[in-house]
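Down below is the structure, laid out as structure tokens.
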2 protein chains.
Amino acid sequence: MAATRLRKQTDTAQRILDVSERLVQRRGFNGISYANVAAELSMTKASLHYHFPGKAELGEALIVRYAARFADALQEIDRRVADARGKLNAYAGLYADVLRGKRMCLCGILAAEYETLPTPMRKATIRFFDDNVTWLTRVLARGHSDKTLTFDGSPSDAAQAILSGLEGAMLVSRPYGDLERFQSAAARLLASLTS
Amino acid sequence: MAATRLRKQTDTAQRILDVSERLVQRRGFNGISYANVAAELSMTKASLHYHFPGKAELGEALIVRYAARFADALQEIDRRVADARGKLNAYAGLYADVLRGKRMCLCGILAAEYETLPTPMRKATIRFFDDNVTWLTRVLARGHSDKTLTFDGSPSDAAQAILSGLEGAMLVSRPYGDLERFQSAAARLLASLTS
DNA sequence: GTCTATAGGCAGATAGAC
DNA sequence: GTCTATCTGCCTATAGAC
């Protein structure tokens with residue numbers, strides 16, 4: 001029936017996205033090919049093209065799904081953690097989880113390749129960062145107004161500093177394969193906001 | 001005479017490095033080709049291979065020269081600026097200059113592509129970061145002991161936080177083409193060390 | 001040192017059988 | 001949906017003339 005066909009197609013598309021996502025987070029968008037992805041799935045390149053007509057479409061779908069998952073994780077933090085400081089710690093924890101999988105943040109690595117990306121991928125990358133800054137800004141503003149956080153400058157400036165600080169900590173830690181490096185930088189970053 | 005020939009060869013090699021450096025800092029190592037570089041120099045790909053036998057050798061030469069220049073700039077800061085806070089500001093200024101040229105830090109962009117790099121390039125990238133942390137650690141340790149800087153934790157942990165914070169600020173600012181974003185994050189980062 | 005010419009491989013992508 | 005076969009183009013790299 002239709003539902004089965006739809007499910008099946010969706011499953012395959014999801015598996016393609018799963019493999020592509022991991023490869024891109026490790027090697028960058030310019031560091032992967034349809035051949036790489038197909039080989040890991042024991043499929044042919046032609047089959048991939050059935051699900052995603054071109055690399056640009058695959059890349060865009062990758063970011064859209066990644067951003068949606070990240071948004072879900074932020075909602076989950078809001079549901080489970082009440083205080084601003086706890087939310088920021090949980091936020092940094094999301095990054096640590098990615099790094100534990102020996103991956104870079106998808107949009108962090110795409111930011112590095114930004115100039116080579118097709119326009120839809122560029123826009124989706126920016127949107128991811130904007131969404132993160134929006135969420136962080138809200139957390140910081142609330143923490144500031146209820147006196148649980150102390151920081152100088154505007155909440156949105158502080159939010160941008162957190163985002164870029166965590167992205168940078170991931171970027172530099174990865175060559176060393178050293179999670180501690182990230183944790184130390186992240187802890188210091190949050191401490192400077194919660195002192 | 002020999003000196004002329006040597007000079008000429010050196011000049012050409014330097015021009016190749018100049019063009020390659022700019023392209024890699026904008027597009028990443030996997031985002032450039034011998035064809036790109038050759039076209040900008042109105043040369044053929046074959047001529048490039050005369051100066052640098054393969055892309056791996058070109059890439060390594062790129063990092064070595066970049067790191068040497070950076071080391072020179074740090075020496076220059078040491079020569080001209082006495083106080084720790086001033087040195088850190090000048091250090092952040094080096095990054096701002098790179099960003100103004102619409103470039104990413106060479107080793108920052110290579111860190112993103114780390115898994116795809118040949119071993120010599122990996123080692124040279126790590127060395128660049130290590131050199132930076134070493135210099136920053138010295139500045140921070142001295143500033144701490146003469147009470148011009150106040151920060152928690154070890155100087156080397158703080159040094160790593162500065163390095164990754166600045167790299168991250170460059171990374172995230174570039175898609176927005178927004179130097180202000182970098183400046184704001186950099187200022188906040190240094191303020192958290194000098195308060 | 002720089003060129004032309006070319007090798008050999010892999011990239012993204014498409015046609016068409018099943 | 002997935003396959004085989006194939007196209008076109010670009011990639012890194014080399015040979016050899018000038």
Side-chain angles (χ1 to χ4, degrees), chain A residues 1-21 23-24 26-63 110 113 115-121, chain B residues 1-21 23-24 26-63 110 113 115-121:
Chain A
M1 50 193 80
T4 307
R5 263 207 310 283
L6 184 61
R7 167 87 73 88
K8 183 133 193 248
Q9 191 223 337
T10 297
D11 282 356
T12 303
Q14 293 300 318
R15 286 173 58 234
I16 293 170
L17 289 174
D18 289 342
V19 168
S20 307
E21 186 180 80
L23 287 174
V24 172
R26 286 182 183 242
R27 305 176 48 87
F29 189 67
N30 295 329
I32 69 146
S33 69
Y34 268 49
N36 303 152
V37 179
E40 283 213 29
L41 289 164
S42 302
M43 286 178 112
T44 59
K45 291 183 285 172
S47 297
L48 262 54
H49 280 284
Y50 171 81
H51 295 279
F52 301 96
K55 209 186 170 188
E57 288 78 15
L58 172 61
E60 191 185 357
L62 231 33
I63 309 171
L110 294 179
E113 300 177 293
E115 289 214 6
T116 70
L117 300 181
T119 304
M121 289 185 68
Chain B
M1 50 195 81
T4 307
R5 263 207 310 283
L6 184 62
R7 166 88 72 86
K8 183 136 192 246
Q9 192 223 337
T10 297
D11 283 355
T12 303
Q14 293 300 320
R15 286 172 59 232
I16 293 169
L17 290 174
D18 289 342
V19 168
S20 307
E21 187 181 82
L23 287 174
V24 172
R26 287 182 183 240
R27 305 176 48 88
F29 190 67
N30 294 329
I32 68 145
S33 70
Y34 268 48
N36 304 150
V37 179
E40 285 212 28
L41 289 164
S42 303
M43 286 179 112
T44 59
K45 294 180 283 173
S47 297
L48 262 55
H49 280 284
Y50 171 82
H51 295 278
F52 300 96
K55 208 185 170 189
E57 288 78 17
L58 172 61
E60 191 185 357
L62 231 34
I63 309 171
L110 293 179
E113 300 177 293
E115 289 214 6
T116 70
L117 299 181
T119 304
M121 289 186 68

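FYI, side chains are in, hydrogens and waters are out, and symmetry mates aren't considered; it's all heavy atoms of this structure. Proteins come first, then strands; the chains are lettered A, B, ... in the order of their sequence lines, and each starts at number 1.
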*On DNA chain C, check which nucleotide each of A:Pro53 and A:Ala35 is closest to and give me the residue with the more 5' one.*
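Taking each residue's closest nucleotide, the earlier one in sequence belongs to A:Ala35.
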
Among the nucleotides [options], which one has an atom lying closest to any side-chain atom of [X]?
| X | options | value |
| --- | --- | --- |
| A:Ala46 | C:dA13, D:dC3, D:dT12 | D:dC3 |
| A:Met43 | D:dC11, C:dG12, D:dT2 | D:dT2 |
| B:Ser47 | C:dA15, C:dA13, C:dT2 | C:dT2 |

*How is B:Thr44 classified with respect to the nucleic acid when contacts are heavy atoms under 4.0 Å: base, sugar-phosphate, or nothing?*
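Result for B:Thr44 = base.
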
*NA contact type, A:Ile32, heavy-atom cut-off 4.0 Å: base, sugar-phosphate, or nothing?*
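Here A:Ile32 touches the backbone only, sparing every base.
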
_Whole angstroms only, please: what is the NZ-P distance between B:Lys55 and C:dC10?_
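The answer, rounded to whole Å, is 15 Å.
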
*Quick check: does any side chain N or O of A:Lys55 sit under 3.5 Å from a backbone N or O of A:Ile32, one acting as donor and the other as acceptor?*
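Side chain of A:Lys55 to backbone of A:Ile32: a pair is present.
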
*Short side-chain to backbone donor-acceptor contact, B:Glu57 and B:Gly54, under 3.5 Å*: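 Checking the backbone N and O of B:Gly54 against the side chain of B:Glu57, a donor-acceptor pair under 3.5 Å is found.
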
It should be established whether [X] places a side-chain nitrogen or oxygen under 4.0 Å from OP1 or OP2 of nucleotide [N].
| X | N | result |
| --- | --- | --- |
| A:Thr12 | D:dT2 | yes |
| B:His51 | C:dT2 | yes |
| A:Tyr50 | D:dG1 | yes |
| B:Ser33 | D:dC11 | yes |

*Dump the intermediate steps for side-chain contact (heavy atoms from CB on, under 4.5 Å) on B:Leu110 and B:Val24, then the final yes or no.*
CA-CA 9 Å; B:Leu110 293 179; B:Val24 172; 4.2 Å; yes

*So do the side chains of B:Thr116 and B:Phe29 get within less than 4.5 Å of each other, counting heavy atoms only?*
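Heavy-atom side-chain distance check fails, nothing below 4.5 Å.
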
